[in-house]
Amino acid sequence: MEMSVDIRNKFRNTAKMTALSYDNWQIAKARGLVDLFVDTDRVGHSLPGTETKFVNMSSYSYLGLNRHAAIVQGSIDALLDEAITGLAIAPTRMRPALARSAEQGLSNLFDATCVIGLSCSVMTSALLPLVSSGHLVDGLPRVTVFDRHAHFCMEMVKPICADEAPVLVAPHNDIDFLEDICKREDRVAYVADGAYSLGGTTILRDLLYLQDKYGLFLWFDDSHSLSVLGANGEGFVRSQLGEINPLTVISASLNKGFGCSGGVAMLHKGFDTSFFNTTNGGPLTWSQSLTTASLGSIVASIGVHRDGELSELQQNLQRNITVFDEAYPTGLAGGELPIRMVTTGNAETAMDISQRLLKRGFYCAPVYFPITPRGKEGLRVMVRADHRPEDIVAFAEALTEEVGKDVF
């Protein structure tokens, strides 16, 4: 008699995740807190067909560059110059010259070999399996350890990585757990955020120590600090390194602080990117290219990062972060990153507060599982450089009054 074998994947459990999260999404939608369609003008946002206008406290355009006139104009100029929305051909066969300009510009800006793709998720899906298989270095597989708080765009690639090498999950920022694995295994890779989407950073100095001692491969998604930190906007991790070595990759979204769309991977200088221009590149090569408008905006944003305006925008952001921290201190107060968490402890309370804030003219999205661990639900505040300080103070006052009704 043939024995049945349980081959169910160990790294995804869609049924459980849906059971624990879908009701919250549906409730939030019914209460007008997610899946919103909005009108936007030069001042702010409004809900069509209503008189509801609001300040967005949940936008991750931390420097306000998605509204920057030069970047918007960069998209327009590219469309007018090229007179085509995109090439409509696989990137492995043909890419716009603008794509080369964008990659070269980012490489110079971030002092690395940069590769761009449709999104950070596409970048991760394409390259992270090559970390587990070892093909970004020497083709020898590596035990791949994911930080428990690693972003979903990396988490979702676990099953693919597990086809290449053993996959493990580490407690958040647990350097002892990781070192124990490095002692047991000859070849290890660690996958984590540089700056986490709910606040805080990776333990970079400790990880670099393990890299130096054991040859640990490090992959960081640093989307939430790109443009926010660094003299050239290179982000938290890149600004702390000298040369990027062959055992380090940094991925990031260009849709957040950078003010455009797409994703970028920073690799060591001298990396031969032609390696990706085959089936090795996965969705980087058989998927779509970035649109003409997107490429034009990336080139324009590189220009903004190159001039003195970036420093001014970063200073404005830090000023606004300080304004919020003084008006509404949280556990993350004093940090340079613009994310602050207000923990309510359950999703219903978070939605109640969010709904009342929206009526007062502030959109602050409730966050809950799987974005947060269960029991850590709350509101995620995202401060921007283009917020008016008086709006931040008014929001903090409203937050104090509304949170006090349910939490304290």
Side-chain angles (χ1 to χ4, degrees), residues 103-117 120 123-124 126-147 150-151 154 157 161 164-165 168 170 173 175 177-179 181-196 201-227 229-253 263-277 280-281 284:
E103 286 186 338
Q104 289 177 344
L106 289 168
S107 296
N108 292 333
L109 185 67
F110 299 143
D111 193 28
T113 297
C114 287
V115 179
I116 59 173
C120 190
M123 190 67 61
T124 304
L127 303 191
L128 195 49
L130 299 175
V131 172
S132 296
S133 71
H135 283 90
L136 289 188
V137 182
D138 54 16
L140 299 176
R142 291 177 176 268
V143 172
T144 307
V145 183
F146 286 75
D147 187 280
H151 191 269
M154 297 178 287
V157 190
C161 293
E164 306 293 344
L168 304 172
N173 277 349
I175 196 68
F177 180 96
L178 185 58
E179 184 166 20
I181 296 171
C182 289
K183 289 176 180 177
R184 296 198 309 266
E185 305 289 346
D186 291 334
R187 303 168 60 77
V188 181
Y190 180 64
V191 181
D193 291 23
Y196 283 88
T201 65
T202 192
I203 45 175
L204 183 59
R205 183 173 297 180
D206 291 337
L207 294 173
L208 293 176
Y209 166 77
L210 295 188
Q211 185 179 73
D212 183 63
K213 185 173 182 179
Y214 299 103
L216 176 66
F217 192 103
L218 296 172
W219 175 293
F220 299 106
D221 181 318
D222 218 8
S223 296
H224 285 280
S225 75
L226 196 73
S227 301
L229 299 177
N232 292 324
E234 61 270 29
F236 169 70
V237 173
R238 182 70 193 93
S239 65
Q240 304 298 310
L241 303 178
E243 289 280 332
I244 294 181
N245 63 44
L247 294 177
T248 304
V249 173
I250 303 168
S251 62
S253 171
V264 62
M266 306 179 204
L267 301 104
H268 68 92
K269 288 182 177 178
F271 183 89
D272 183 7
T273 60
S274 66
F275 176 74
F276 301 138
N277 201 31
N280 297 321
L284 280 180

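The figures here come from the full heavy-atom set of this structure, side chains too, leaving out hydrogens, waters and symmetry mates.
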Item to check | Asp222 side chain to Phe236 backbone, donor-acceptor under 3.5 Å | outcome: yes

When rounded to the nearest 0.5 Å, the distance separating OG1 of Thr248 from CG of Leu136 is 11.5 Å

_Audit row: Trp219, Leu127, side chain to side chain contact (heavy atoms under 4.5 Å, CB included) steps and yes/no_ = CA-CA 10 Å; Trp219 175 293; Leu127 303 191; 3.6 Å; yes

For Arg187 and Leu140, indicate whether the former's side chain and the latter's backbone hold a donor-acceptor pair under 3.5 Å. yes

Are any non-hydrogen side-chain atoms of Val157 and Pro129 less than 4.5 angstrom apart?
yes

Correct closest heavy-atom pair for Ala195 and Ser225 would be CB-CB, 3.9 Å

Exercise for the section: Flag the pair Cys161 / Leu128 as yes when at least one side-chain heavy-atom distance between them is below 4.5 Å, and no otherwise. Expected result: yes

Rounded to the nearest 0.5 angstrom, the OG-CD1 distance for Ser223 and Ile250 is 11.0 Å

Between Phe217 and Val249, is a side chain to side chain contact (heavy atoms under 4.5 Å, CB included) present by the stated rule, with each step listed? CA-CA 8 Å; Phe217 192 103; Val249 173; 3.7 Å; yes

Nearest heavy-atom approach of Met154 to Phe146 is O-CE2, 3.4 Å

Taking the ring centre of each residue, are Phe271 and Phe276 less than 6.0 Å apart?
yes

Please evaluate residues Gln240 and Thr201 with respect to the criterion side chain to side chain contact (heavy atoms under 4.5 Å, CB included), reporting the C-alpha separation (whole Å), side-chain torsions for both, the decisive distance (0.1 Å), and the verdict. CA-CA 12 Å; Gln240 304 298 310; Thr201 65; over 6 Å; no

Interatomic distance, OG1@Thr202 vs CG@Leu208, rounded to 0.5 Å, equals 9.0 Å

Smallest heavy-atom separation, Cys120 atom then Ala252 atom, equals SG-C, 3.7 Å

Just do the side chain to side chain donor-acceptor pair (under 3.5 Å) check on Tyr209 and Glu179 with the steps written out, would you? CA-CA 10 Å; Tyr209 166 77; Glu179 184 166 20; 4.6 Å; no

*asked:* For a quick check under 3.5 Å, do Ser274 and Asn277 share a side-chain donor-acceptor pair by atom type?
replied: no

### Task
Decide yes or no for Arg142 and Leu247: does some side-chain heavy atom of the first lie under 4.5 Å from some side-chain heavy atom of the second?
yes

Closest heavy-atom pair, Leu241 versus Ile244, reported as atoms and distance to 0.1 Å, is CD1-CG1, 4.4 Å

Side-chain donor-acceptor pairs under 3.5 Å in residues 105-114, sequence neighbours left out?
residue: Ser107; atom: OG; partner: Glu103; partner atom: O; Å: 2.8
residue: Ser107; atom: OG; partner: Ala112; partner atom: O; Å: 3.4
residue: Ser107; atom: OG; partner: Cys114; partner atom: N; Å: 2.9
residue: Asn108; atom: ND2; partner: Gln104; partner atom: O; Å: 3.3
residue: Asp111; atom: OD1; partner: Lys269; partner atom: NZ; Å: 2.4
residue: Thr113; atom: OG1; partner: His268; partner atom: O; Å: 3.0

Donor on one side chain, acceptor on other, Gln211 and Tyr190, under 3.5 Å: no

Taken to the nearest 0.5 Å, the spacing of Met123 CE from Met266 CE works out to 10.5 Å

CG of Leu210 to CD1 of Ile175, rounded to nearest 0.5 Å, is 4.0 Å

With sequence neighbours left out, the residues meeting side chain to side chain donor-acceptor pair (under 3.5 Å) with Asp193 are none

Of all heavy-atom pairs linking Cys182 and Leu216, the shortest is SG-CD1, 4.0 Å

ask   = Do any N or O atoms from the side chain of Ser239 and from the backbone of Gly230 form a donor-acceptor pair under 3.5 angstrom?
value = no

What one should report as the nearest heavy-atom pair of Leu284 and Ala126 is CG-CB, 3.7 Å

Which of Asp147, Leu178, Asn173 passes side chain to side chain contact (heavy atoms under 4.5 Å, CB included) with Ile203? It is Asn173

Answer yes or no: are there more than 12 heavy-atom neighbours, outside Asp186 itself, under 6.0 Å from its atom CG? no

